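The figures here come from the full heavy-atom set of this structure, side chains too, leaving out hydrogens, waters and symmetry mates. Since we're looking at a predicted model, the values are computed, not measured.
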Amino acid sequence: MASTTLEAGLTSASPGGKTFLGHPRGLATLFMSEMWERFSYYGMRALLVLYMTASLTDGGLGMKTATAAAVYSVYTAMVYLLALPGGWIADRFLGARKTVAVGGTIIMIGHFLLAVPFSGSFFAGLVFIAVGSGLLKANISTMVGHLYDGPNDPRRDGGFTIFYMGINLGAFIAPLVVGTVGQNVNWHLGFALAGIGMALGLFQFLLGTRHLSPKSNVVTSPIGADEKRKIFTKAGIWLAAAAVFYAIVGATGHFTINWAIWPLSIAGLAIPVFVFAKVKRDKDLDANEQSKMSGYIWFFVAAAVFWMIYDQSGSTLNIFAQDHTASALFGIDFPSSWFQSLNPLYIMALAPVFAWLWVSLARRSKNPSTTVKFAFGLLMIGASFLVMMLAMAAASGDAKVTPLWLAMVYLIQTVGELTLSPVGLSVTTKLAPTKYASQMMGVWFLAVTAGDCVAAIFQLVLGDKVVGSTWYFAVQGAMAIVAGVALAMYRKRVVTLMGDVH
């Protein structure tokens, strides 16, 4: 149905060829490819924690809730962390088009590994999906930009809007399809459906690659032979050391999943610290650029707190949906994974409203500053977990609460996301030093990595008795609200550090 609709949108614009809704035809290829990739990712995500915590007799892995939530948090953290080397590989080795093709293939293999009923294959599949997502995520958006004649092309913003609608369309449909099959029929069949979705996206990409810009084939900064040899040597040494270390741990019978979660969580926190330390020590940056980077650190920390809570939609909130929420509303029965479709549905409904709101306020010189928008986003994400605290209290004993609790939580979180996430992307480009202009978008994604790694550490340390409790939601909600209030109180200081950026 979606393919038919898209083909109907292809109309002859000129004797020179066809367009897609008035945009370059390659946008249809990237729209469909990303829609199916998001279908595969969010479909798998809707099942991930539910499968890990399901008992062995129910076909799951029988993990404790806290451990499964930590695995989920680290997995999502690595998806965003690997976007950094994904962009570097495209710039130095393969070009964006080949990197996306390789990434899509690796993701597809990963999903089909999840479909194999063997725990070793399951964890290998997660590694494949994280690596492939890093390669694809970093480059497919760049390829959308390649379709247009520079940043001033009047169609450019509209093209990205259409592209991001594809993201949310795939994210909306996935839990309804993959979640239903996985929960009601067979876990591994659900994971296989996610793999089929990625296969469709990869097929669409390869079929329509001729419509993409030649710029997407260009290796912008090819790596020299000497540098390549040094990089491969260092990478080989580190990989060999890790292999030997884990072989010893495994051979002595000491290996548990914590041996993977803890190092990755610590790395996810250490890498952003290292990146910012490197930038702040860079003597090539003038005083103005250093001041802007100091201001940007405030936004980075605020974003990390936001994503720490927001990304638990697929873990602690997903478990709450299954264990403590009624599976029927207005006489309609549905699997708990369907709640994962609420956020993309809200985004598709509310994003145009917020876009209009900011423009309308700007015309009256009342558009809130970036710091105020960030503070509001933190207050909203904090409020969502305070609502979860009340929902958890209402679900005491064996009681199951109305689905409207989670509907409210996801609505509050989406409003917070729309005030923080797009603004964060914008302020990143505005505050980035010229020397690091291309790298700063990857640094922004590190905020997701840092937040998810903090969540993983909390989940491991607190354990099953606390994770998902009223206190668990209350403490994190209060942390976000305190962070939002602090950012609002110190907004003048942050604005001063931002210099001429407002």
Side-chain angles (χ1 to χ4, degrees), residues 1-3 5-6 30-52 54 72 75-76 79-80 103-104 106-115 122 125-126 128-130 132-133 136-137 140-141 162-205 310-315 317-319 321-322 327 332 334-349 351 403 406-407 410 413-414 417 448:
M1 181 63 71
S3 297
T5 304
L6 288 181
L30 298 176
F31 177 100
M32 290 295 289
S33 301
E34 182 69 350
M35 186 193 78
W36 283 115
E37 187 274 329
R38 292 290 87 182
F39 174 91
S40 73
Y41 177 81
Y42 282 98
M44 177 275 296
R45 197 185 85 152
L47 295 178
L48 191 56
V49 168
L50 301 181
Y51 168 69
M52 286 191 287
Y72 171 87
Y75 162 72
T76 53
V79 167
Y80 286 91
I106 294 173
I107 293 171
M108 180 183 67
I109 294 170
H111 283 298
F112 286 126
L113 284 172
L114 296 184
F122 173 79
L126 291 184
F128 270 71
I129 296 170
S133 297
L136 186 144
K137 187 175 184 65
I140 196 165
S141 297
I162 294 171
F163 176 73
Y164 286 122
M165 287 301 288
I167 292 174
N168 287 292
L169 183 60
F172 169 71
I173 296 171
L176 306 180
V177 178
V178 177
T180 300
V181 172
Q183 284 191 273
N184 293 347
V185 182
N186 180 274
W187 296 112
H188 299 287
L189 184 57
F191 290 133
L193 275 180
I196 291 171
M198 188 64 247
L200 290 172
L202 183 61
F203 175 76
Q204 174 74 31
F205 182 80
Y310 181 90
D311 271 354
Q312 291 185 52
S313 61
S315 56
L317 299 194
N318 207 4
I319 293 170
Q322 177 181 252
S327 59
I332 301 174
F334 54 89
S336 60
S337 54
W338 280 26
F339 284 102
Q340 298 297 299
S341 289
L342 284 176
N343 173 253
L345 177 64
Y346 288 148
I347 287 177
M348 288 188 288
L406 279 176
Y410 283 121
Q413 290 192 348
T414 302
E417 178 188 5
V448 184

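The two residues Ser40 and Ile107 have their closest heavy-atom pair at OG-CG2, 4.3 Å. Of all heavy-atom pairs spanning Phe334 and Pro403, the tightest one is CZ-CG, 4.0 Å. For Phe39 against Leu193, the heavy-atom pair with the smallest separation is CE2-O, 3.8 Å. In terms of heavy atoms, Leu30 sits closest to Phe163 at O-CE1, 3.6 Å. Closest of all the heavy-atom pairs between Gly201 and Ser33 is O-OG, 3.4 Å.
Pairs engaging residues 167-182 under the side-chain hydrogen bond (donor to acceptor under 3.5 Å, both in side chains) rule: Thr180-Trp338 [sequence neighbours left out].
Not a single ring pair (Phe, Tyr, Trp, His ring centres under 6.0 Å) links Tyr41 to another residue, sequence neighbours left out.
Not one N or O on the side chain of Ser133 forms a donor-acceptor pair closer than 3.5 Å with the backbone of Ala130. Under the 3.5 Å distance criterion, the side-chain polar atoms of Tyr346 are left unmatched by any main-chain donor or acceptor of Gln413.
Between the CE atom of Met32 and the CG atom of Leu200 there is a distance of 8.0 Å, given to the nearest 0.5 Å. Leu47 CG to Ser337 OG: the interatomic distance, rounded to the nearest 0.5 Å, is 6.0 Å. The NE2 atom of His111 sits 10.0 Å away from atom CG of Leu126, with the distance rounded to the nearest 0.5 Å. The CD1 atom of Ile167 sits 6.0 Å away from atom OG of Ser141, with the distance rounded to the nearest 0.5 Å. Distance check, rounded to the nearest 0.5 Å: CG of Leu114 to CE of Met44 gives 6.5 Å. Taking CD1 of Ile347 as the start and OG1 of Thr414 as the end, the distance is 5.5 Å to the nearest 0.5 Å.
Of the residues listed (Val178, Asn184, Val185), the one engaging Val181 in a side chain to side chain contact (heavy atoms under 4.5 Å, CB included) is Val185, and it is the only one.
Taking 4.5 Å as the limit, some side-chain heavy atom of Tyr80 sits within range of a side-chain heavy atom of Lys137. Looking at heavy atoms from C-beta onward, Asn318 lies in side-chain contact with Gln340 at the 4.5 angstrom threshold. Here the side chains of Leu317 and Phe339 are not in contact, with every heavy-atom distance at 4.5 Å or above. With a 4.5 Å cut-off on side-chain heavy atoms, Asn343 and Tyr310 count as touching. In this structure, Leu50 and Trp187 have side chains that are in contact, with non-hydrogen atoms separated by less than 4.5 Å. Phe112 places a side-chain heavy atom less than 4.5 Å from the side chain of Ile196. Side-chain contact check for Gln183 versus Gln322: some heavy-atom pair is nearer than 4.5 Å.
Side-chain contact annotation: Arg45 with Thr76, donor-acceptor N/O pair under 3.5 Å absent. A donor-acceptor contact closer than 3.5 angstrom is absent between the side chains of Gln312 and Tyr72.
Using cut-offs of 30° and 60° for the angle between ring planes, the Phe122 and Tyr51 rings count as tilted.
Within a 6.0 Å radius of CZ in Phe203, other residues, nucleotides and ligands contribute 12 heavy atoms or fewer.
Aromatic ring centres of Tyr42 and Phe172: separated by at least 6.0 Å.
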